[in-house]
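Residue numbers start at 1 and run along the sequence shown. Just so it is clear, the model here is predicted, and its values are computed rather than measured.
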Amino acid sequence: MTAPVFVVERFDGDVRGGGRYVLDGPEGRHAVSVKRLRAGEDVVLTDGAGRWAECVVLETEGKDRLVVTMGSVAEEPEAEPRITVVQALPKGDRGELAVETMTETGVDAVVPWTASRCITQWKGERGLKALAKWRATAREAGKQSRRVRFPEVADAASTKQVAALLTGADFAAVLHEEGSEPLATAELPASGRIVLVVGPEGGVSPDELAAFAEAGAKPYRLGRSVLRTSTAGTAATALLLGRTGRWS
């Protein structure tokens, strides 16, 4: 198994390759008290934005301080093409499930979408808490799947904002089962930005489809079966990663 991943706030003058570094706070506590890491074991430190370093545990201090020797800091380039999933808000905790599995699969960005047919609505303090949960889920799933560049989770977007996002994409698609061609046979770019829209359980409304079509997005289907909104984005991301060569 690859080395466990822990997050540092940033790599700067206080976090240099080749030196001694102390991981403390919640991450240090998890490493020492939960993972029970010991001297000689390998770990990876990352800022979640592509910068990372291989490290070796020197010792532990108390219950929440992991002392490591750090290798040189490297940077993972952004993957091409970049895949963004616009995810309509599901009910309950299915939003966190969608973010978790898409992160593990390899999505680069997630945009929560307040579609007209969403039962769940993010308003006020409730919306801020829900967004924070999505972002925390992306961070934890990124660590679990040994990523060093975690997906960005944007602020909740309106249909108008989603249409603007689609306008600038190199490939824009809306998952929609009626009268659509298969996503598996669509012509995909080798680089640039792919933006995929996943609608709510009630489907994308005609007005939304029209707005997205005007922005340059075509409807595509995944297969014969109808997936729930919380799983469709993950299935589509996996298909795109395989077809674009990012999984090769």
Side-chain angles (χ1 to χ4, degrees), residues 49-50 77-90 95 98-118 122 131 134-135 138 141-142 147 149-200 203-223 227-247:
E78 291 192 24
E80 290 279 355
R82 177 179 171 85
I83 299 174
T84 297
V85 173
V86 176
Q87 174 66 59
L89 306 180
V99 172
E100 179 181 52
T101 54
M102 284 191 287
T103 298
E104 292 173 355
T105 304
V107 76
D108 300 298
V110 179
V111 179
W113 172 36
T114 54
S116 62
R117 293 178 177 174
C118 286
W122 285 3
L131 178 59
W134 280 35
R135 287 174 172 165
R147 292 181 62 168
R149 188 178 288 277
F150 303 161
E152 301 170 9
V153 179
D155 293 339
S158 65
T159 296
K160 183 178 180 180
Q161 291 170 321
V162 172
L165 182 66
L166 294 168
T167 301
D170 296 282
F171 176 82
V174 183
L175 291 186
H176 191 66
E177 72 275 10
E178 297 177 8
S180 307
E181 65 179 90
L183 185 62
T185 59
E187 185 175 348
L188 301 175
S191 60
R193 296 194 305 116
I194 293 176
V195 181
L196 180 73
V197 178
V198 178
V204 183
S205 73
D207 288 345
E208 291 164 341
L209 281 173
F212 297 158
E214 187 175 350
K218 291 179 58 177
Y220 292 90
R221 69 178 186 274
L222 278 175
L227 300 180
R228 300 199 69 160
T229 185
S230 54
T231 55
T234 300
T237 297
L239 175 62
L240 293 173
L241 288 169
R243 293 202 56 223
T244 56
R246 283 183 52 178
W247 269 6

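- Applying the salt bridge (Lys or Arg N to Asp or Glu O under 4.0 Å) test between D108 and each of R246, R149, R82, R193 identifies R246 as the sole match.
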Could you walk me through whether I194 and T244 pass the side chain to side chain contact (heavy atoms under 4.5 Å, CB included) test, one step at a time? CA-CA 10 Å; I194 293 176; T244 56; 4.2 Å; yes
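- Note on ring orientation: taking the six-membered ring where Trp is involved, the planes of F171 and Y220 are tilted (angle from 30° to 60°).
- Rounding to the nearest 0.5 angstrom, the gap separating the NZ atom in K160 from the CG atom in L165 is 14.5 Å.
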Kindly indicate, with the supporting measurements, whether the criterion side chain to side chain contact (heavy atoms under 4.5 Å, CB included) is fulfilled by T84 and V111. CA-CA 7 Å; T84 297; V111 179; 3.8 Å; yes
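- Checked by atom type and distance alone, the side chain of E80 pairs as donor or acceptor with a backbone atom of G192 at under 3.5 Å.
- Panel note: side chain R135, backbone V153; a donor-acceptor pair is recorded below 3.5 Å.
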Show, in sequence, the C-alpha distance, side-chain angles and deciding distance for L89 and W134, and conclude whether the side chain to side chain contact (heavy atoms under 4.5 Å, CB included) test is met. CA-CA 11 Å; L89 306 180; W134 280 35; 4.0 Å; yes
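- Interatomic distance, CD of E78 versus OG of S191, reported as 12.5 Å (0.5 Å rounding).
- In this structure, the separation between CD on E187 and CZ on R243 is 9.0 Å, given to the nearest 0.5 Å.
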Taking it one step at a time, do L196 and L175 satisfy side chain to side chain contact (heavy atoms under 4.5 Å, CB included)? CA-CA 7 Å; L196 180 73; L175 291 186; 3.9 Å; yes
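- The two atoms that bring L166 and A217 nearest to each other are CD1-CB, 3.9 Å, heavy atoms only.
- R221 CZ to H176 NE2: the interatomic distance, rounded to the nearest 0.5 Å, is 11.5 Å.
- A donor-acceptor contact shorter than 3.5 Å links the side chain of T229 to the backbone of G199.
- In terms of heavy-atom proximity, R147 sits nearest to T103 at NH1-O, 2.8 Å.
- At a threshold of 4.5 Å between non-hydrogen side-chain atoms, the residues F212 and V86 do not count as touching.
- Listed here is the closest heavy atom pair of A236 and L183: CB-CD2, 4.1 Å.
- Here the shortest heavy-atom pairing between A211 and A163 reads O-CB, 4.2 Å.
- Between T234 atom OG1 and R228 atom CZ the span is 13.5 Å, to the nearest 0.5 Å.
- Between the side chain of E208 and the main chain of S116, a donor-acceptor pair closer than 3.5 Å is present.
- Using a 4.5 Å heavy-atom cutoff, the side chains of L240 and L188 are in contact.
- Within the model, atoms CG of L241 and OG1 of T105 stand 7.5 Å from one another, a figure rounded to the nearest 0.5 Å.
- Although no hydrogens or angles enter the test, the distance criterion places a donor-acceptor pair under 3.5 Å between the side chain of T114 and the main chain of A157.
- Taking both residues in full, the closest heavy atoms of A190 and P81 are given as O-CD, 3.6 Å, listed atom of the first, atom of the second, then distance.
- Taking every heavy atom of both residues into account, A232 and L227 meet most closely at CA-CD1, 3.9 Å.
- At least one donor-acceptor pair under 3.5 Å links the side chain of Q161 to the backbone N or O of S158.
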